[in-house]
Amino acid sequence: MDADETLMVETLKRAVDAAEDVTKLKQIIEMAGMMLKQPTPVPQPRTEPEPEPPTEAPKTERQQIADFNSKTSDTIRQYLYRGGVKPGDAGYRDAAMRATGRVNEAAGFTAADANTVEKASRRFRAALALK
């Protein structure tokens, strides 16, 4: 019996005013089913299900059209950059207007007329086809 158990049994012995030997009292307590060294139960961590990632609302048709128009503009800029025409260069504006005109001609309409996702997508594909 270690010091903690002895101290606990001595405390109980005084509480009930018993004159018995400490080891005898420990045996009585153990026989009664009480454990002196009963660890305090530690609750297990909660296993809550992982929260689902927030789902984004589907884009509206206007948002999809705006995305395609933005991608088309970026693609035209990349085309001009690959051709050695950089923003701020002399003639950049004319080159951008010519490239945009080629995209509009290939698609069959301008960005202002691309009022459906299909039309905006067609303009984007035309921009990707620039050589």
Side-chain angles (χ1 to χ4, degrees):
M1 185 164 33
D2 65 3
D4 290 339
E5 288 178 340
T6 305
L7 181 63
M8 183 180 229
V9 173
E10 284 289 337
T11 304
L12 292 172
K13 182 176 148 182
R14 286 193 188 119
V16 295
D17 198 25
E20 297 294 325
D21 180 28
V22 173
T23 55
K24 188 73 110 173
L25 288 173
K26 181 182 179 223
Q27 289 174 350
I28 293 170
I29 292 171
E30 286 176 349
M31 288 171 71
M34 297 177 66
M35 298 297 294
L36 290 177
K37 280 193 167 181
Q38 200 172 43
T40 55
V42 177
Q44 294 293 326
R46 292 184 183 177
T47 54
E48 296 177 4
E50 296 259 342
E52 293 182 21
T55 56
E56 293 182 20
K59 292 183 177 182
T60 64
E61 187 172 349
R62 282 185 185 216
Q63 289 171 327
Q64 291 175 4
I65 292 169
D67 285 348
F68 275 121
N69 286 338
S70 175
K71 289 178 186 177
T72 302
S73 296
D74 291 343
T75 303
I76 292 171
R77 273 190 230 103
Q78 289 172 1
Y79 165 75
L80 293 173
Y81 188 80
R82 284 192 311 264
V85 183
K86 298 177 183 127
D89 287 352
Y92 176 80
R93 185 177 181 151
D94 290 334
M97 287 175 54
R98 281 194 306 274
T100 303
R102 287 178 54 199
V103 168
N104 292 343
E105 186 178 324
F109 39 83
T110 65
D113 296 330
N115 54 5
T116 66
V117 174
E118 176 57 37
K119 287 182 178 180
S121 173
R122 196 175 324 158
R123 277 191 85 246
F124 177 58
R125 288 191 307 267
L128 289 174
L130 286 174
K131 300 266 178 184

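- Within the model, atoms OG1 of Thr116 and CZ of Phe109 stand 6.5 Å from one another, a figure rounded to the nearest 0.5 Å.
- The hydrophobic cluster containing Tyr79, built from Ile/Leu/Val/Met/Phe/Trp/Tyr side-chain heavy atoms closer than 4.5 Å, also comprises Ile76, Leu80, Val85, Tyr92, Val103, Leu130.
- Applying the side-chain contact (heavy atoms from CB on, under 4.5 Å) test to Asp74 and every residue at least two apart in sequence or in another chain returns Ser70, Arg77.
- If you chain together ILVMFWY residues whose side-chain heavy atoms come under 4.5 Å of each other, Met97 ends up in a group of its own.
- Among all heavy-atom pairs drawn from Asn69 and Ala120, the shortest one is OD1-CB, 4.2 Å.
- Side-chain contact between Thr100 and Arg123: present, with at least one pair of heavy atoms (C-beta onward) separated by less than 4.5 Å.
- For Gln63, the CD atom counts as densely surrounded, since its 6.0 Å shell holds more than 12 non-hydrogen atoms of other residues, nucleotides or ligands.
- In this structure, the separation between CG on Asn115 and CD on Glu61 is 8.0 Å, given to the nearest 0.5 Å.
- Atoms CD and CZ, from Glu118 and Phe68 in turn, are 8.5 Å apart once rounded to the nearest 0.5 Å.
- Here the OG1 atom belonging to Thr110 is positioned 9.5 Å from the NZ atom belonging to Lys119, to the nearest 0.5 angstrom.
- Here the closest heavy-atom approach between residue Asn104 and residue Ala111 is recorded as OD1-N, 4.1 Å.
- The backbone N or O of Lys86 lies less than 3.5 Å from a partner atom in the side chain of Asp89, making a donor-acceptor pair.
- Annotation: the span from Lys131 atom NZ to Arg82 atom CZ amounts to 9.0 Å, rounded to 0.5 Å.
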